[in-house]
Amino acid sequence: MTIVLHRFPLSHFSEKARAALDFKGLEYRIEEHTPGLDQLAIYRLSGQRKLPVIEHDGKVVADSTEIALYLERTFPDRRRLLPEDPEKRREVLALEAHLDDTLGKYVPRVWLRHAPREEQYLDALGAAMGPFGHAGLGALAAVLPRAEARVGAVQRRFDEAERTVRATLAELIARIEASAYLVGDEPSLADVAAVALVYPLKFPPSKHVFKPELEGASMRGIAEDPALARFFDFRDRFYRDHLR
């Protein structure tokens, strides 16, 4: 039975689940959803409102990590997301959890902070989302910088998010400078999580980006920062080499 992936098109956690499917070399079909009324259907399917969710062979699995672990258990003959060596396996799982807690949590805030300031990126995203999306993004671009400037608590949350994302990416750069992949010389779930969770900061070279014109669109203040560019080069190469 073909796996069905339910996703939000801009969700980095949805992209993590999709990347795990790709990495395992599995066939799947994508069902797109939008926040709001669509989440009622997701609740009826899975008992909760968040995406990603997969359906496979009568089973429904929610949460990107649980999806990856399900794929690993169900398709052990396919390319492995987790090393067989117990110590490396623990390291991969610990790093993946750390990335969920840092990139997973804070990348959306960094996106929200930088998107209104980067006209080229905002125009590309608005065009892909259609006239209503473009108008909404335009309103966001007008309002958010003023709100950040006026409300100290908003600015502090944005500052915390950006510090955390930059520090995490610096840690990952140190790892890939020491070895071919994040945990040794073989790719793993840690790499899949890392490359996917920065999804909206620079859209990857992938046919599964929800609008083809967004492929490669990036927030230059993050993705082209010389201090971080090494990671995004690794990310793009990982997509070309291991994903679709």
Exercise. Do the non-hydrogen side-chain atoms of D236 and K202 ever get within less than 4.5 Å of each other?
Worked result: yes

Exercise. Ignoring hydrogens and geometry, is there a side-chain-to-backbone donor-acceptor pair from K24 to F75 under 3.5 Å?
Worked result: yes

Exercise. From E96 CD over to L99 CG, what is the distance, rounded to the nearest 0.5 angstrom?
Worked result: 7.5 Å

Exercise. Within a strict 4.5 Å, meaning less than it, do heavy atoms of the K59 and Y70 side chains meet?
Worked result: yes

Exercise. Got a salt bridge between D159 and R113, using NZ or NE/NH1/NH2 to carboxylate O under 4.0 Å?
Worked result: yes

Problem set entry | Sidechain-backbone polar pair: R78 side chain, G25 backbone, donor-acceptor under 3.5 Å | yes

Problem set entry | Residues R18 and D22 bridged, charged N to O under 4.0 Å | yes

Problem set entry | Nearest atoms (heavy-atom pairs only) where D191 meets F234 | OD1-CZ, 3.5 Å

For this session: In plain terms, say whether E160 and R157 are close enough for a salt bridge, that is, a side-chain N and a carboxylate O under 4.0 Å apart.
Result: no

For this session: Please name the pair of heavy atoms, one in T65 and one in D63, separated by the smallest distance, quoted to 0.1 Å.
Result: N-OD2, 3.0 Å

For this session: Step through the shown structure and confirm whether more than 12 heavy atoms of other residues, nucleotides or ligands are within 6.0 Å of CG on L37.
Result: no

Seminar exercise, completed: Closest heavy-atom pair, V92 versus S188, reported as atoms and distance to 0.1 Å, is CG2-OG, 3.5 Å

Exercise. Would a distance-only check, ignoring hydrogens and angles, find a side-chain to backbone donor-acceptor pair under 3.5 Å from Q48 to A62?
Worked result: no

For this session: Carefully, step by step, assess L71 and I54 under the rule side-chain contact (heavy atoms from CB on, under 4.5 Å).
Result: CA-CA 10 Å; L71 298 177; I54 64 166; 4.2 Å; yes

Exercise. Does R166 have any side-chain contact (heavy atoms from CB on, under 4.5 Å) partners at least two apart in sequence or in another chain, and if so, which?
Worked result: E162, I222, D225, L228

Exercise. From F232 CZ over to E224 CD, what is the distance, rounded to the nearest 0.5 angstrom?
Worked result: 10.0 Å

For this session: Return the minimal non-hydrogen interatomic distance between Y121 and P200, and the atom names on each side.
Result: OH-O, 2.5 Å

Exercise. CG of L5 to CD of E15: how many Å apart, nearest 0.5 Å?
Worked result: 9.0 Å

Exercise. Could you go step by step and tell me if L103 and H12 meet the side-chain contact (heavy atoms from CB on, under 4.5 Å) rule?
Worked result: CA-CA 9 Å; L103 299 181; H12 57 336; 5.8 Å; no

Exercise. Is the cationic atom of R79 (NZ for Lys, CZ for Arg) positioned less than 6.0 Å from the six-membered ring centroid of F23 and within 45 degrees of its normal?
Worked result: yes

Exercise. Between F238 and Y181, how do the two ring planes meet: parallel, tilted or perpendicular, split at 30° and 60°?
Worked result: perpendicular

Exercise. Can you hop from L82 to L197 via hydrophobic side chains spaced under 4.5 Å?
Worked result: yes

Problem set entry | Y28 with Y239, same ILVMFWY side-chain cluster at under 4.5 Å | no

Problem set entry | Within-4.5 Å side-chain heavy-atom neighbours: V183 and R175 | yes

Problem set entry | I176 side chain near L182 side chain, heavy-atom distance below 4.5 Å | yes

Exercise. Short question: side chain of E72, backbone of L81 - any donor-acceptor pair under 3.5 Å?
Worked result: yes

Exercise. Going by heavy atoms in the side chains, are H98 and L95 under 4.5 Å from each other?
Worked result: yes

Problem set entry | Verify same cluster id: I30, V192 (apolar side-chain graph, 4.5 Å) | no

Problem set entry | E186 and P83, any side-chain heavy atoms less than 4.5 Å apart | no

Problem set entry | Heavy-atom side-chain contact between D57 and T74 under 4.5 Å | no

For this session: Please report the closest heavy-atom contact between A223 and L201, naming both atoms and the distance.
Result: CB-O, 4.2 Å

Exercise. Can you find a pair of side-chain heavy atoms, one from P205 and one from E215, that are under 4.5 Å apart?
Worked result: yes

Exercise. When rounded to the nearest 0.5 angstrom, what distance separates NZ in K50 from OG in S64?
Worked result: 10.5 Å

Problem set entry | ILVMFWY cluster, L21 and V209 together (side-chain gap under 4.5 Å) | no

For this session: Would you mind telling me which of E31, H33, R29, E32 makes a side chain to side chain donor-acceptor pair (under 3.5 Å) with H6?
Result: H33

For this session: Please answer whether the main-chain N or O of R244 pairs with a side-chain N or O of H208 as donor and acceptor at a distance below 3.5 Å.
Result: no

Seminar exercise, completed: Closest heavy-atom pair, T2 versus E27, reported as atoms and distance to 0.1 Å, is CG2-O, 4.1 Å

Problem set entry | Polar side-chain atom of R230 near backbone of E177 as donor-acceptor pair, under 3.5 Å | no

Problem set entry | The single option from V165, T168, L169, V107 passing side chain to side chain contact (heavy atoms under 4.5 Å, CB included) against T102 | T168

Exercise. About how many Å separate CZ of F13 and CD1 of I67, when rounded to the nearest 0.5 Å?
Worked result: 11.5 Å

Exercise. What distance separates L40 CG from R49 CZ, expressed to the nearest 0.5 Å?
Worked result: 6.5 Å

Problem set entry | Y106 with L10, same ILVMFWY side-chain cluster at under 4.5 Å | yes

For this session: Mind telling me whether F210 and F203 have parallel, tilted or perpendicular rings, with 30° and 60° as the class edges?
Result: perpendicular

